[in-house]
Amino acid sequence: MWAYDNIKGGEEMRVHTVRDLGSAVREARAKRGLTQVDLARRAGVSREWLVRLEQGHPRLEAQLVLDTLEAVGLSVTTADSELSQPDETEAAWDEVFATLANEPTGPTNRDESSDDG
């Protein structure tokens with residue numbers, strides 16, 4: 001699984017396919033008011049190559065894809081999908097500790113009064 005980050009805005013989107021990646025480039029380009037020719041020049045690629053990227057063509061040179069992402073202001077972050085799943089055990093312990101943190105500590109007035117009688 002891939003994610004892309006908008007460098008300036010901090011937006012994040014999950015990218016599962018090359019088509020998703022192409023859509024992300026197209027959206028970022030449009031947001032910045034760039035034409036395909038403008039972005040192709042910035043990235044050092046041809047307009048035709050950029051069109052293939054935006055359409056999700058599966059066989060494009062990885063470094064050129066990364067260069068194009070940088071030229072449009074995007075970065076790629078990878079995550080281990082197995083490790084990025086929430087840990088149910090950790091969440092359960094967090095809940096226990098939160099509950100304990102809200103309970104009073106030490107003897108209460110009620111406890112002290114029951115010792116007298």
Side-chain angles (χ1 to χ4, degrees):
M1 174 180 1
W2 298 20
Y4 83 80
D5 291 324
N6 176 324
I7 292 172
K8 295 181 181 175
E11 298 171 20
E12 188 174 296
M13 174 185 169
R14 297 280 177 213
V15 174
H16 299 278
T17 66
V18 178
R19 185 173 295 265
D20 293 343
L21 191 61
S23 294
V25 169
R26 185 174 46 255
E27 289 173 24
R29 178 181 57 76
K31 230 185 227 185
R32 288 162 178 77
L34 297 171
T35 65
Q36 289 176 332
V37 172
D38 294 334
L39 178 55
R41 283 187 185 138
R42 284 186 180 192
V45 298
S46 70
R47 180 186 168 277
E48 291 77 20
W49 186 91
L50 181 61
V51 167
R52 288 198 322 254
L53 172 61
E54 289 187 352
Q55 291 177 344
H57 192 280
R59 298 181 192 269
L60 297 171
E61 185 179 337
Q63 187 59 54
L64 290 179
V65 172
L66 294 174
D67 291 346
T68 303
L69 291 172
E70 183 177 353
V72 77
L74 299 176
S75 66
V76 174
T77 304
T78 61
D80 186 332
S81 60
E82 291 180 13
L83 296 178
S84 65
Q85 298 300 319
D87 183 357
E88 291 179 23
T89 304
E90 186 175 335
W93 280 112
D94 288 344
E95 188 175 323
V96 168
F97 290 130
T99 302
L100 290 174
N102 291 327
E103 290 183 3
T105 58
T108 62
N109 290 340
R110 197 174 84 206
D111 291 338
E112 290 173 5
S113 63
S114 65
D115 288 340
D116 293 335

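Note that these values count all heavy atoms, side chains included, but never hydrogens, waters or copies made by symmetry.
Val51 has its side chain within reach of Gln36: a pair of non-hydrogen atoms, C-beta onward, lies under 4.5 Å apart. At least one side-chain heavy atom of Leu21 sits under 4.5 Å from a side-chain heavy atom of Leu69. By the 4.5 Å heavy-atom criterion applied to side chains, Thr68 and Leu74 are not counted as neighbours.
The salt bridge (Lys or Arg N to Asp or Glu O under 4.0 Å) contacts involving residues 36-59 comprise Arg29-Glu54, where partners must be two or more places apart or lie in separate chains.
The side-chain contact (heavy atoms from CB on, under 4.5 Å) test with Leu50 singles out one residue from Leu64, Val72, Val25, and that residue is Val25.
There is a path of hydrophobic side-chain contacts, each under 4.5 Å, that joins Val45 to Leu66. In the hydrophobic clustering of ILVMFWY residues, with side-chain heavy atoms under 4.5 Å counting as a link, Val18 and Val76 come out apart.
The heavy-atom pair separating Val65 from Trp49 by the smallest distance is N-CH2, 3.6 Å.
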